[in-house]
Amino acid sequence: MADRREMHKTLKRQLRRSGIDATNPDSETLEKLLDMVNKSMHQADETRYTLERSMDLSSKEMRTLYDDLQETSAKLLESEQSKLESVIGSLEQGVCAVSLSGEILFANAAAERLFGFKPSRGRDIIKRITIYDNRGERLNASKITQRAFSGETLNDHAAILTKPNRRSINIAVSLTPLKESDGQATGVVLAIQDLTEHKQNLKDLAEALRNANAAVDAKSAFLATMSHEIRTPLNGVIGMIELLLTTKLNSQQTEYVEIAKRSGDSLLSVINDILDFSKIEAGQIELEAIDFSPRQIVEDAARTLSSKALKTSTHISTDIEDSVPPICSGDMGRIRQVLLNLVGNAVKFTKNGAVKISVSAHPHPTDPHRPSLHFSVSDTGIGIPEDRIEYLFRPFAQVDASTTRKYGGTGLGLAISSELVSMMGGSISVESFEGQGTIFTFIVPVTTTLLRRSDDPDPVENSTLRDVKRPEVPLHLLVAEDSKTNQIVIKSLLETLGHTCKIVEDGEEVIDALEGNNSFDAVLMDCMMPNLDGYDATRAIRSRTTSWSTIPIVALTANALSDDKQKCLEAGMTGYLAKPITRDALLDELRRVPVGQGL
């Protein structure tokens, strides 16, 4: 029974389920056992048959499925390839694949157009491409290709493609390795961009830029010429009117002459506005930084417009806070221009009321050590309707059409002021209530200047800030002016101030006069003259080694578009008077001439 102990566990389990005693078998038991084994064998046969049929069916299904998968994959691959070819074919950029032997494997339509032949004819296409580096030096094309074959990608090289008809075009070429699944390079893919249109566009843009610059220059030259041509006769008109006012006139004549002078001043204001706006449009405004007194600017604005305010029974007051530095550095001329414009408007639109000019200082928002000046001009005038405030700073804008007829003006003053404030890094705003008044506020950043001792000289060059104390003494002046009318004006103005002069008509006569006379205290030099203009004449004088080469030279100019003052200083002039020349401006400039300068 040793073998029975070794009976398989599964068989034991089956015998127990069948009720057979495996330890004491008998014939009946054996019969049951044989019957059970027989049934098991039949069941095994059925199972084996079923498995064989299942395996046979599975093999067929798997073969069918495999065939279906192959067909589907082929269709998908063909579809994706078709899509890829469609996408590549639609590119404006030329794309082609080149084998290691130089044969074109594939080329889209753009590449065919660039090459000038079909791919079947395309061998050694790379030899038709001359490649350059970023410095414009020619590279070895075969070495570049070998680098691509070895696996390196080369992007956007400038190159020239030579077509079969020997016509060359500018291209940009990129080379990418063409690899198999194992990573082995079998060729190179070329992406080629035709730069012909790009080059032409650059050429057209450069030409357009040259034309635009030429147009700007032509506009600037035209405006400068118009400025000179308008201001020259206007100098005669306003100058003669001022001279006429110094003569004995009856009350009616005085009234007529004053009306003529106001009209001339209005015309000059319109011309200045148009020219300033043109300068801003042309980008010809350059800011300067000089020392100035904010208090003096405010007081000058009030004093300048006080007589105009009196005619409308309007009182002008000023308020300078203690926080305002005594001396600041900034573009004093532009700040003064904006302030005068705002105060002038306030006076113009206020009758029987008040105008107040205020200035305070506050820390700059981004730089606490740099102050900003806050100028405010308030009035009790007609005010501005709320729906028209947004139009105030637009060029040529008026509150309504009747404003132009009743009050005059070009509508440029506020637009110019807004642009100037913006250029200085500041801002301008307005509050108004119709029928009650208006408050204009503009803020400009400045830099502070250390306080000077009372006995230190004032570095401010502008005449409005310099209190010249030298006594009035007669000067003998050389005047260069080619306009007969302006000769009369300047001569008469000088004589009313107690000075004498000699008149010449061009720069050559100036030099001749200086060489023959050593008694002139200064030269009043017109800038635009025939033969030799004022700039060249000044440079010629400064280049001499004679005793009169350092004589003071004051520019007389009717130009107002370009940075004429700077041009005059660069030529060697020491003073500047813009036409129309007023008696006060001439007096102020002559006070700068040193006493006893006669050579």
Could you tell me which residues satisfy side-chain hydrogen bond (donor to acceptor under 3.5 Å, both in side chains) with S360, sequence neighbours excluded, listed by chain and number?
H362
Who are the side-chain contact (heavy atoms from CB on, under 4.5 Å) partners of Q200, not counting sequence neighbours?
K203, D204
Residues two or more places apart in sequence or in another chain: which of them pass salt bridge (charged side-chain N to carboxylate O under 4.0 Å, His left out) with E207?
R210
Sequence neighbours excluded, which residues qualify as side-chain contact (heavy atoms from CB on, under 4.5 Å) partners of A346?
V355, V377, D379
Considering only residues two or more places apart or on different chains, which pairs with a residue in residues 529-544 satisfy salt bridge (Lys or Arg N to Asp or Glu O under 4.0 Å)?
E515-R544, D536-R539
Sequence neighbours excluded, the answer for side-chain hydrogen bond (donor to acceptor under 3.5 Å, both in side chains) partners of T438 is S432
Return the set of residues passing side-chain hydrogen bond (donor to acceptor under 3.5 Å, both in side chains) with N211 (not counting sequence neighbours), or none when no residue passes.
none
Hits for side-chain hydrogen bond (donor to acceptor under 3.5 Å, both in side chains) against D506, two or more places apart or cross-chain, chain-then-number order -> N531
List in chain and number order the residues that pass ring pair (Phe, Tyr, Trp, His ring centres under 6.0 Å) with H198, two or more places apart in sequence or in another chain; answer none if no residue qualifies.
none
Using side-chain contact (heavy atoms from CB on, under 4.5 Å) as the criterion, list what pairs up with A540, not counting sequence neighbours.
I511
Once side-chain contact (heavy atoms from CB on, under 4.5 Å) is applied, do any residues pair with S168, and if so which ones, sequence neighbours excluded?
I160, T162
Identify, with sequence neighbours excluded, every residue that meets ring pair (Phe, Tyr, Trp, His ring centres under 6.0 Å) alongside F375.
F442
Does the pair E431 and T441 meet the rule for a side-chain contact (heavy atoms from CB on, under 4.5 Å), with working shown?
CA-CA 9 Å; E431 294 181 64; T441 301; 5.8 Å; no
